[in-house]
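Below is one structure, written out as structure tokens; the observations come after it.
Throughout, residue positions are numbered sequentially from 1 according to the sequence presented.
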Amino acid sequence: MLQELETQLLALTPTEKSEAIRLLTQSLSNSWPGITKTPGVCGGDACIAKTRIPVWGLVESRRLGITESELLNDYPHISAADLVNAWSYANAHLDEIEAAIKKNEEA
């Protein structure tokens, strides 16, 4: 598996490699700009910083066909950068996001 990953990484453009490094660094440091997890707020789920908007909710909205433009219109106090941070966090924590979506569907 590591060999396959190495081949894929070497095939990336310099910009893509830079983004991959950024994501790996964030993942290793468990630091996600603009994303917070606060016990007692939204069940401790990852949210857009200084809001009660959970990342899983944004992911689920996008899956339901709501565009980024519509999300920004629906949540005027968040920015396009907030959405980029949310998507980045969600991609790195797929199991967590899927579990939160499932938990919400069952509620």
Exercise for the section: Answer with yes or no whether the hydrophobic clustering places Val41 together with Trp56; edges join I, L, V, M, F, W, Y residues whose side-chain heavy atoms lie under 4.5 Å apart. Expected result: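 Result: no, two separate clusters.
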
Handout entry: Shared hydrophobic cluster for Leu72 and Val84 (ILVMFWY, side-chain gaps under 4.5 Å)
Key = no

Give a yes or no on whether the backbone of [Y] and the side-chain of [X] come within a donor-acceptor separation of less than 3.5 Å.
X     : Y     : result
Ser18 : Pro14 : no
Thr7  : Gln3  : yes
Asn85 : Pro33 : yes
Asn91 : Trp87 : yes

Please list, one pair per line, the donor and acceptor atoms closer than 3.5 Å that link side chains of residues 100-107 to other protein atoms, with sequence neighbours excluded.
none

What distance do [X] atom [atom1] and [Y] atom [atom2] have between them, rounded to the nearest 0.5 Å?
X     : Y     : atom1 : atom2 : answer
Leu58 : Tyr89 : CG    : OH    : 13.0 Å
Ile53 : Ile78 : CD1   : CD1   : 5.0 Å
His93 : Ser88 : NE2   : OG    : 9.5 Å
Ile48 : His77 : CD1   : NE2   : 9.5 Å

Practice task
Output all residues satisfying salt bridge (charged side-chain N to carboxylate O under 4.0 Å, His left out) with Glu70, sequence neighbours left out; order by chain, then residue number.
Solution key: none

Problem - Residue list, salt bridge (charged side-chain N to carboxylate O under 4.0 Å, His left out) with Glu16, at least two apart or on another chain - result: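 Counting only residues at least two positions away or on another chain, Glu16 forms no salt bridge (charged side-chain N to carboxylate O under 4.0 Å, His left out).
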
Exercise for the section: Please step through side chain to side chain contact (heavy atoms under 4.5 Å, CB included) for the pair Ile35 and Cys47, ending with a clear verdict. Expected result: CA-CA 6 Å; Ile35 304 297; Cys47 292; over 6 Å; no

Exercise for the section: Scan for salt bridge (charged side-chain N to carboxylate O under 4.0 Å, His left out) pairs involving residues 37-52, sequence neighbours excluded, and state none if there are none. Expected result: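 Qualifying pairs, neighbours excluded: Lys37-Glu96.
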
Exercise for the section: Scan for salt bridge (charged side-chain N to carboxylate O under 4.0 Å, His left out) pairs involving residues 71-95, sequence neighbours excluded, and state none if there are none. Expected result: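 Counting only pairs at least two positions apart or across chains, no salt bridge (charged side-chain N to carboxylate O under 4.0 Å, His left out) contact touches residues 71-95.
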
Exercise for the section: Could you work out the complete set of other residues in the hydrophobic cluster of Leu9, with links drawn between I, L, V, M, F, W and Y side chains under 4.5 Å apart? Expected result: Leu5, Leu12

